[in-house]
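Working notes, structure below.
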Amino acid sequence: MSELTSQVRRRRTFAIISHPDAGKTTLTEKLLLFSGAIQIAGSVKARKASRHATSDWMEIEKQRGISVASSVMQMEYRDCVINLLDTPGHQDFSEDTYRVLTAVDAALMVIDAANGVEPQTRRLLQVCRARNTPILTFVNKMDREVKDPLDLMDEIERELGMEVVPFTWPVGMGKAFHGVMDLREQQMRVFSPGEDRDHHNDEIVAGLDNPIYAQRFGMQYEQAQGEIELLTDAAPPFDRSAFLAGRQTPMFFGSAVNNFGVREVLDALVDLAPPPGPRVAMQRTVQPDEPKFSGVVFKIQANMDPAHRDRIAFLRVASGHFERGMRLKVTRSGKELRPNSVVSFLSQRRELLDEAFAGDIIGIPNHGVLQLGDTLSEGEPLLYTGLPFFAPEMFRSVEVADPLRTKQLRAGLTQLGEEGAIQVFRPLAGTVLLLGAVGQLQFEVVAHRLEHEYGVKARIMPSRFQVARWVTCPEENGGAKELQRFIDGNAHRVAHDAVDAPTVLVEYAPELRAIEANWPKIKFHALREHAGLVFQKQIDG
């Protein structure tokens, strides 16, 4: 086996997904703690104290106690290099999460044991299922009064349409939570509360029917024993091919805030999650252990270091071996890069990076050279697809409170638009910029970031627009000439987005249907793929 193949096989790249408040960021912290990547976990609950979750670095995240941007962490565990992406749980930031899911090979789904399957979990699962992403399930907060584990298992199967295979099973819940039975290792890990306890000293009792259990855990053990017997007969055996196809999910129970049940999840990620696989470009399918480097930008983040006004392009390495200073070409623009200050991440902590392999997530500082969806390679004109942009559902106009700060407003919105935090539209008629978002919270975050990162107080005001569609015209219908005719004829409602894609904005859906009827050669799209402005599907208004 070549050194390149061996390095690729060591990689595990996965995202943590969940509904808000299921404990996703806490679990992220504890995975870092167990792998030895950090020595102290930032208490997510004690937001007013000096410690914050390592993965929530933005000021607004610290104030609100939520994740509003995806963050990337790399760690080593059991000779594997794990790239972990923590995603925003809030539905207003689902676009960022969708893009992150294009960059991973597996997902870890966190479910609040008291609430079961919640709406955002369902939405994210649909994205994973569409991509056949393998999913592991962690049922969190077992130290609280929660739903019956058999009911939870049934709910996951019913709601998410996947077979569930328990790898661990809880003994009790809430104040009577005694631990989990590890069904693979045939042993019990005994629970003791306390988030700062040393997880290396967990008490392990061998066997699933050790007589000591009945003496120590009484009724809770008897119930768990009955449930395990039932599962042994009724639950399907673990089928690796069904798991890799996203049709079956291994399930684990625990309490992330108490560091409990996390080690089993980390071990399962190493044992079960796949290493990087082939990725489809428009030109061909690319193997991860091909010698030539290629990668795709799935996220851009401005001002991770406010002192330097930087912009980091997060790139998923798709193939080959990256070395610092190597010559790379941006397929979209043909520009050549020689990145010398490439970084790997532990959230806001960064380290200069000399090399990376397929599956790794690397950060390339740049000033507007790279855009979301860009493919970089050693010269071959590859174009990776699949990075979605959704038509906004809410619109606001934005003006600067101090006219002397107009330049800063435009610069700030350009950068925030490039990173996908918000969609920014420049109307052909008029000078007032328009913001498009999936949810209200995005506008609040943009206003906060404009003020604190760019020194601009912005007035965000209502807009009359309700619906947006990107417009294209196939060559057989007259192509560029017909598209220009459409733009000229509708200049009062056409705007350009961050990548200059023409967009038609209307007040009501019936108005859009009338425009479609009047312009039969023009295609109207609710979904845009960044790479080469490929439209995956056309959705009528």
Side-chain angles (χ1 to χ4, degrees), residues 10-16 18 22-44 53-55 73-86 106-113 134-143 149 165-173 177-208 210 213 224 228 238 243 249-273 346:
R10 288 179 64 212
R11 264 63 191 173
R12 302 287 184 274
T13 305
F14 73 98
I16 299 195
S18 81
K24 178 169 48 63
T25 302
T26 309
L27 180 59
T28 301
E29 286 284 328
K30 300 313 168 85
L31 290 168
L32 294 171
L33 195 66
F34 271 76
S35 70
I38 58 174
Q39 270 65 56
I40 183 167
S43 170
V44 181
T54 300
S55 60
M73 286 139 280
Q74 190 180 73
M75 54 194 176
E76 290 201 31
Y77 179 72
R78 282 180 43 198
D79 198 40
C80 275
V81 178
I82 296 174
N83 294 283
L84 184 162
L85 287 80
D86 176 20
L108 174 57
M109 173 171 68
V110 185
I111 287 181
D112 181 328
I135 295 158
L136 294 97
T137 299
F138 180 69
V139 179
N140 194 20
K141 306 187 182 180
M142 288 304 298
D143 57 320
V165 183
F167 274 48
T168 67
W169 196 256
V171 177
M173 67 171 78
F177 178 52
H178 300 302
V180 293
M181 292 288 186
D182 188 328
L183 306 182
R184 284 202 302 170
E185 299 294 328
Q186 302 273 301
Q187 63 187 25
M188 179 175 176
R189 188 179 294 273
V190 179
F191 176 69
S192 58
E195 63 177 287
D196 290 325
R197 67 190 177 77
D198 186 348
H199 51 271
H200 295 294
N201 297 332
D202 278 345
E203 181 188 353
I204 305 288
V205 182
L208 293 183
N210 192 318
Y213 297 142
I228 290 169
F238 177 67
F243 163 68
T249 178
M251 180 162 72
F252 301 84
F253 292 85
S255 166
V257 77
N258 287 290
N259 300 352
F260 190 80
V262 177
R263 181 179 299 284
E264 286 81 358
V265 172
L266 199 49
D267 283 331
L269 281 163
V270 168
D271 296 338
L272 306 179
L346 182 59

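Keep in mind that this is a model prediction, so the values were computed, not measured. Quick note: numbers below take in every heavy atom, side chains included, and nothing from hydrogens, waters or symmetry partners. Sequence positions, counted from 1, serve as the residue numbers for this chain.
- For Phe167, the ring pair (Phe, Tyr, Trp, His ring centres under 6.0 Å) criterion is met by Phe238, Phe252, not counting sequence neighbours.
- Here the closest heavy-atom approach between residue Phe138 and residue Leu27 is recorded as CD2-CD2, 3.8 Å.
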Pair Glu264-Arg184, side-chain contact (heavy atoms from CB on, under 4.5 Å): steps then yes or no | CA-CA 10 Å; Glu264 286 81 358; Arg184 284 202 302 170; over 6 Å; no
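- Counting only heavy atoms from C-beta outward, the side chains of Arg189 and Asp182 never approach each other to under 4.5 Å.
- Closest approach of Val262 and Ala256 over heavy atoms only: CG2-CA, 4.3 Å.
- Aromatic ring pairs are classed by plane angle as parallel below 30°, tilted from 30° to 60° and perpendicular above 60°; the pair Phe191 and Phe177 is tilted.
- Across every non-hydrogen atom of His178 and Met188, the tightest pair is O-CE, 3.5 Å.
- The side-chain contact (heavy atoms from CB on, under 4.5 Å) test with Met73 singles out one residue from Leu85, Asn83, Leu84, and that residue is Leu84.
- Gln187 contributes atom CD, which lies 11.5 Å from atom OG1 of Thr168 (distance to the nearest 0.5 angstrom).
- Side chains of Ile111 and Met251 form no contact here, defined as non-hydrogen atoms less than 4.5 Å apart.
- Ser255 and Asp143 make their closest contact through OG-OD1, 3.1 Å (heavy atoms, listed as atom of the first residue, atom of the second, distance).
- Partners of Ala224 under the side-chain contact (heavy atoms from CB on, under 4.5 Å) rule, at least two apart in sequence or in another chain, are Trp169, Val171.
- Between Pro149 and Met173, the shortest heavy-atom distance links the atoms CD-CE, 4.4 Å.
- In this structure Arg12 satisfies the side-chain hydrogen bond (donor to acceptor under 3.5 Å, both in side chains) test with no other residue, sequence neighbours excluded.
- Take Asp112 and apply the side-chain hydrogen bond (donor to acceptor under 3.5 Å, both in side chains) test, not counting sequence neighbours, and it matches Asn115, Lys141.
- For Asp267, the side-chain hydrogen bond (donor to acceptor under 3.5 Å, both in side chains) partners at least two apart in sequence or on another chain are Tyr77, Arg78.
- When side chains are defined from C-beta on, Val265 does not count as touching Leu136, because their heavy atoms never get closer than 4.5 Å.
- For the pair Arg10 and Glu76, the salt-bridge criterion is met [side-chain N within less than 4.0 Å of a carboxylate O].
- Counting heavy atoms from C-beta on, the side chains of Asn140 and Thr26 never come closer than 4.5 Å.
- Here the closest non-hydrogen pair linking Met142 and Pro170 is CE-CB, 3.7 Å.
- Every residue was checked against the side-chain hydrogen bond (donor to acceptor under 3.5 Å, both in side chains) condition with Asn210, not counting sequence neighbours, and none meets it.
- Put simply, the side chain of Phe14 reaches to within 4.5 Å of the side chain of Ile82, judged on heavy atoms.
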